[in-house]
Amino acid sequence: QVQLVESGGGLVQPGGSLRLSCAASRSINSAVAVGWYRQAPGNQRELVARITVGFGTNYADSVKGRFTISRDNAKNTVYLQMNSLKPEDTAVYYCNVLLPPNYWGQGTQVTVSS
């Protein structure tokens, strides 16, 4: 079992930045993939960014050039640096780790508003 705890969400003005963190309860060095997803009210959960072993990193078109995913294996933590935030980035952001099996965090709210 792996517990994932996200942090770093909050309210930010358009153009601002946030860094989300996802701390795992044990080593995730063997994970096939780690990633961030988001879900806005009335929408389906969508991929934001993911690191996949053997395939590299991929991003949703809507966040390319603004968001950066990274992982620190020594800290069992996955990060999402979000810059130039827009109101349409408002959503609950979820951390995902595919060992397998597949694990999800509880989510952290990001609200971009003036």
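A quick note: this is a predicted structure, and the numbers were derived from the prediction, not measured.
Y103 and Y94 sit in two unconnected hydrophobic clusters of ILVMFWY residues. Membership requires side-chain heavy atoms under 4.5 Å apart, directly or through other members. Taking hydrophobic clusters as Ile, Leu, Val, Met, Phe, Trp and Tyr residues chained together by side-chain heavy-atom distances below 4.5 Å, V2 shares a cluster with V34.
Under the 3.5 Å distance criterion, the side-chain polar atoms of Y59 are matched with a main-chain donor or acceptor of I69.
More than 12 heavy atoms of other residues, nucleotides or ligands shown are found within 6.0 angstrom of CD on E88.
At least one side-chain heavy atom of N58 sits less than 4.5 Å from a side-chain heavy atom of L47. For the pair L4/E6, no side-chain contact is recorded, criterion being any heavy-atom separation below 4.5 Å from C-beta on. Contact of the W36 side chain with the M82 side chain is not registered, since no non-hydrogen atoms from C-beta on lie closer than 4.5 Å. With contacts defined as side-chain heavy-atom distances shorter than 4.5 Å, the pair L20/V78 does not qualify.
Taking S7 as the reference, S21 meet the side chain to side chain contact (heavy atoms under 4.5 Å, CB included) condition, with sequence neighbours excluded. Scanning for side chain to side chain contact (heavy atoms under 4.5 Å, CB included) contacts around S70 gives Y79, with sequence neighbours left out. Residues meeting the salt bridge (charged side-chain N to carboxylate O under 4.0 Å, His left out) test with R38, sequence neighbours left out: E46, D89.
Residue R19 holds its CZ atom at 11.5 Å from OG1 of T68, rounded to the nearest 0.5 Å. Note that CG of L11 and OG1 of T90 are 8.5 Å apart. Values are rounded to the nearest 0.5 Å. Atom CG of L18 and atom CG of L80 lie 9.5 Å apart (nearest 0.5 Å). Here the straight-line distance linking atom OG of S30 with atom CG of N73 works out to 9.5 Å at 0.5 Å rounding. If you take CG on L98 and CZ on R50, they are separated by 9.0 Å, rounding to the nearest 0.5 Å.
In plain terms, the two heavy atoms of Q39 and N43 that are nearest each other are NE2-O, 3.1 Å. The two atoms that bring K86 and V112 nearest to each other are O-CB, 3.2 Å, heavy atoms only. The shortest heavy-atom contact between F67 and V48 is CD2-CG1, 3.6 Å. The nearest pair of heavy atoms linking A31 to V97 is CB-CG1, 3.8 Å. Considering all non-hydrogen atoms of both residues, S114 and P14 come closest at N-CD, 3.7 Å. For N83 against Q81, the heavy-atom pair with the smallest separation is OD1-NE2, 2.9 Å.
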**Item:** Derivation and outcome, side chain to side chain contact (heavy atoms under 4.5 Å, CB included), residues S17 and V12
**Value:** CA-CA 7 Å; S17 298; V12 63; over 6 Å; no
**Prompt:** Between N29 and N76, is a side chain to side chain contact (heavy atoms under 4.5 Å, CB included) present by the stated rule, with each step listed?
**Reply:** CA-CA 7 Å; N29 292 356; N76 301 327; 4.3 Å; yes
